[in-house]
Amino acid sequence: MGSSTPTRALDAAHFMHPFTDHAALAQAGVKVITGAQGIFVHDDQGQALLDAMSGLWCVNVGYGRQALADAAAAQMMKLPYYNAFFNTTTEPPVQLAERLCALAPAMGDKRMTHVFYSSSGSESNDSNVRMARRYWDLMGQPERQVIIGRWNGYHGSTMAGASLGGMRAMHAQGGLPIPDIEHIDQPYYLDHRLPGESEADFGVRAARWLEAKILEVGPHRVAAFIGEPVQGAGGVIVPPATYWPEIQRIVDQYGILLISDEVICAFGRLGHWFAYERFGMRPDLVTFAKGITSGYVPLGGVLISNRVADVLIERGGEFNHGYTYSGHPVACAVALANLDIMQAEDLVQRVHDDTGPYLAQCYAELAQHPLVGDVQTCGMVGALLLVRDKNSLTRFADEANVGMRCRAHCFANGLIMRAVGDRMIVAPPLVMTRSDIDNMVQRIRRVLDLTWAELLAQDMVKG
Ligand code: PXG
């Protein structure tokens, strides 16, 4: 098509993409996505692709929702922007805060009472670092500065977000992590289990790595622990059921704050409004972004529990932190309309009762495929581990690039899945029906067959 060539040339000439090797991209050529409807995006060559990643884990209500465009247009004409500094407010962020606090379940004596807004997950985690450290200052324990995250966790790409995360390739660029951030290993059973160890026992042992780290750092120096309930960008790592309860016991014992980073996991992704409920966590701070607006406009923030909010408000004085777009009225109006859609279509309950269990059932069948060594799902996220030998669970060498091979077949066959090393992951739109899931799984099966055939032909697996 006529329009594609200038877009490609101009892209290569001027658009610096996120997380991209630009020399390699210029060689391979960029894919130009020009439109989308429902669960499909389409490109400038006329190919429709089933988007099993909901964009980047965010387009939960699917593409082309008129109500979200209408909400943005109406708010733009009424009041496109005003700030929340200098004793002013606007209506949409107030309504949204009230609604989020009502949707967030109380856990024991912990309730979510306030919302701090940003425009992304990364900024929200920067705010968490500022708030956790400020909290301990106000509590008269200013030496509590250390925040503990996990290797292969992902908390964003700003200086603080990338530091909290445990992506070594990110730390290797730009002098990260910032001071007083520590990491423990992730609860990935297949990588870290001991011979004969059950998944339940492993979950408790993995949680106790936190206790060991607290004791190493000194309990009086630890401010908070941050984790994703289910790791997303790290490859959809679903922890054993025993993991979070033991983490909760440990943070309670040492009095440290628990930050649940739910940028991916909230708003129905795991079949609950907030994932902490599913895992029995009692977080003090909850990071959100992505699904709050289904990605239609940028919005992020932090749910703040009474434990933290009471101290910041009653003892705090001025908290010297905030963004131009903290509580952006258009973003908050779109979020309210997005929550309306989710409630009208009962999407959270559907994932919980129907589509989530159905995805799990379909994935259990995919586990029979010769290339698949393990499957995990949780609500509407799923992972397939590609292995060289199914019986012994022998993994491919990194150089085999098995995930990238599989992803190439996906693109060529009308399917978007994400490859994280040897794990192929999905986070489909929550509006998917059972027959949409059938359609997706049929495509997945086809790309697994094609990848298997390619590996057989190159003698990389045994038939
Ligand atoms: N926390 C979590 C748990 C995330 O998944 C962020 C924070 C940062 O959000 P922002 O809005 O600043 O990007 C994220 C983002 C991937 C991928 O390839 C995942 C994310 C972002 C970009 C790519 O899986 N997650």
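We use all heavy atoms of the structure for the numbers below, so side chains are in, but hydrogens, waters and symmetry mates are not. All ligand and atom numbering here is 1-based and tracks the order in the structure.
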| What is the ring orientation for Phe116 with His321, classed by angle as parallel under 30°, tilted 30 to 60°, or perpendicular over 60°? | parallel
| Can you list every pair that meets side chain to side chain donor-acceptor pair (under 3.5 Å) and has a residue in residues 285-299, with sequence neighbours left out? | Asn125-Thr287, Asn128-Thr287, Ser294-Asn338
| Student check: side-chain heavy atoms of Asn83 and Tyr325 closer than 4.5 Å | no
| task | Write out all pairs satisfying side chain to side chain donor-acceptor pair (under 3.5 Å) with one or both partners inside residues 16-28, taking only residues at least two apart or from two chains. | result | Asp11-His17
| field | Amino acids contacting ligand 1, non-hydrogen cut-off under 4.0 Å | value | Leu56, Trp57, Ser120, Gly121, Ser122, Asn125, Tyr154, His155, Gly156, Glu228, Ala233, Asp261, Val263, Ile264, Lys290, Arg418
| request: Could you tell me which residues satisfy ring pair (Phe, Tyr, Trp, His ring centres under 6.0 Å) with Tyr358, sequence neighbours excluded, listed by chain and number? | output: none
| request: Would you give the length of the straight line joining atom SG of Cys410 to atom CD1 of Ile416, rounded to the nearest 0.5 angstrom? | output: 9.5 Å
